Amino acid sequence: MQIIIVIVLGILNIPIYRWSFKRIFGSKEVFYECLKYDFTPDFISLFRGELLKDMAAEYRLSGFVLLNVIVFMTEYYLVTRLLGAIGLQT
């Protein structure tokens, strides 16, 4: 039953993921730039003089993931509590 809840919540949350993506990144190009900085080691960014850009991009990407994980886990908790309260989940 839990896997069904996870799949359904994952699908139903697509609009939330898109909304948070637009608010945090704005465009795909900014997202790809954040990914580039995330995979670049910090010492290389330091030598290139882009350490602050690197840190900001990593913060932005981490914030996006954390926000969506928190939303998903909260919804999962509420749904399982609701289903347990009405006796549909053991």
Side-chain angles (χ1 to χ4, degrees):
M1 183 75 160
Q2 281 84 11
I3 191 71
I4 294 171
I5 295 171
V6 168
I7 291 170
V8 169
L9 284 177
I11 292 170
L12 290 177
N13 280 339
I14 289 174
I16 295 171
Y17 304 148
R18 295 181 86 167
W19 178 85
S20 64
F21 181 87
K22 288 179 184 177
R23 295 300 174 265
I24 293 175
F25 299 110
S27 68
K28 290 181 184 178
E29 291 79 22
V30 175
F31 174 71
Y32 293 140
E33 183 180 333
C34 289
L35 279 180
K36 179 188 82 162
Y37 279 121
D38 193 47
F39 288 112
T40 303
D42 288 340
F43 69 89
I44 292 176
S45 294
L46 176 67
F47 290 128
R48 290 181 182 165
E50 299 176 338
L51 184 62
L52 291 178
K53 284 184 183 179
D54 186 329
M55 293 172 69
E58 290 175 1
Y59 176 74
R60 193 181 265 190
L61 194 60
S62 298
F64 173 71
V65 171
L66 184 64
L67 172 70
N68 289 311
V69 167
I70 288 171
V71 167
F72 183 85
M73 295 299 289
T74 302
E75 289 174 346
Y76 179 80
Y77 173 76
L78 293 173
V79 167
T80 54
R81 293 279 299 205
L82 177 67
L83 291 177
I86 60 176
L88 292 177
Q89 186 174 5
T90 58

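Computed from heavy atoms alone, side chains included, the values below leave out hydrogens, waters and symmetry copies. Since the model is a prediction, treat every value here as computed from it, not as a measurement.
Distance CD1/Ile24 to CG/Leu61: 9.0 Å, rounded to 0.5 Å. Atoms CE and CG, from Met1 and Leu83 in turn, are 5.0 Å apart once rounded to the nearest 0.5 Å. Taken from CZ in Arg60 to CG in Leu35, the straight-line distance is 12.0 Å, to the nearest 0.5 Å. With rounding to the nearest 0.5 Å, the separation of CD in Glu33 from CG in Asp38 is 12.5 Å. Once rounded to the nearest 0.5 Å, the distance linking CZ of Arg23 with CZ of Arg18 reads 12.5 Å. Put simply, CZ on Phe64 and CZ on Phe31 are 6.5 Å apart, with the number rounded to the nearest 0.5 Å.
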Test log, rule side-chain contact (heavy atoms from CB on, under 4.5 Å), inputs Tyr59 and Met55: CA-CA 6 Å; Tyr59 176 74; Met55 293 172 69; over 6 Å; no
Intermediate values then yes/no, side-chain contact (heavy atoms from CB on, under 4.5 Å), Phe72 and Tyr17: CA-CA 10 Å; Phe72 183 85; Tyr17 304 148; 3.8 Å; yes
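Hydrophobic cluster membership differs between Leu46 and Tyr37, with clusters built from Ile, Leu, Val, Met, Phe, Trp and Tyr side chains linked at under 4.5 angstrom. When hydrophobic clusters are built by joining Ile, Leu, Val, Met, Phe, Trp and Tyr residues whose side-chain heavy atoms come closer than 4.5 Å, directly or via intermediates, Ile5 is not grouped with Ile70. Phe39 is connected to Val65 through a chain of hydrophobic side-chain contacts under 4.5 Å among Ile, Leu, Val, Met, Phe, Trp and Tyr, so both are in one cluster. Taking hydrophobic clusters as Ile, Leu, Val, Met, Phe, Trp and Tyr residues chained together by side-chain heavy-atom distances below 4.5 Å, Val6 shares a cluster with Val69.
Residue Leu52 places its CG atom among 12 or fewer non-hydrogen atoms of other residues, nucleotides or ligands, all under 6.0 Å distant. The environment of NZ in Lys36 is crowded: more than 12 heavy-atom neighbours from other residues, nucleotides or ligands sit within 6.0 Å.
The two residues Leu67 and Ser20 have their closest heavy-atom pair at CD2-CB, 3.6 Å. Thr40 approaches Ser45 most closely through the heavy-atom pair CG2-OG, 3.7 Å. The two residues Phe25 and Cys34 have their closest heavy-atom pair at CE2-SG, 3.8 Å.
In this structure, Ile3 shares a hydrophobic cluster with Ile4, Ile7, Val8, Ile11, Leu12, the cluster being traced through Ile, Leu, Val, Met, Phe, Trp and Tyr side chains under 4.5 angstrom apart. Trp19 belongs to no multi-residue hydrophobic cluster, having no ILVMFWY side-chain contact under 4.5 Å with any other such residue.
Asn13 places a side-chain N or O within donor-acceptor distance of the main-chain N or O of Leu9, the cut-off being under 3.5 Å.
No option in Thr74, Val79, Thr80 other than Thr80 meets the side-chain contact (heavy atoms from CB on, under 4.5 Å) test with Tyr76.
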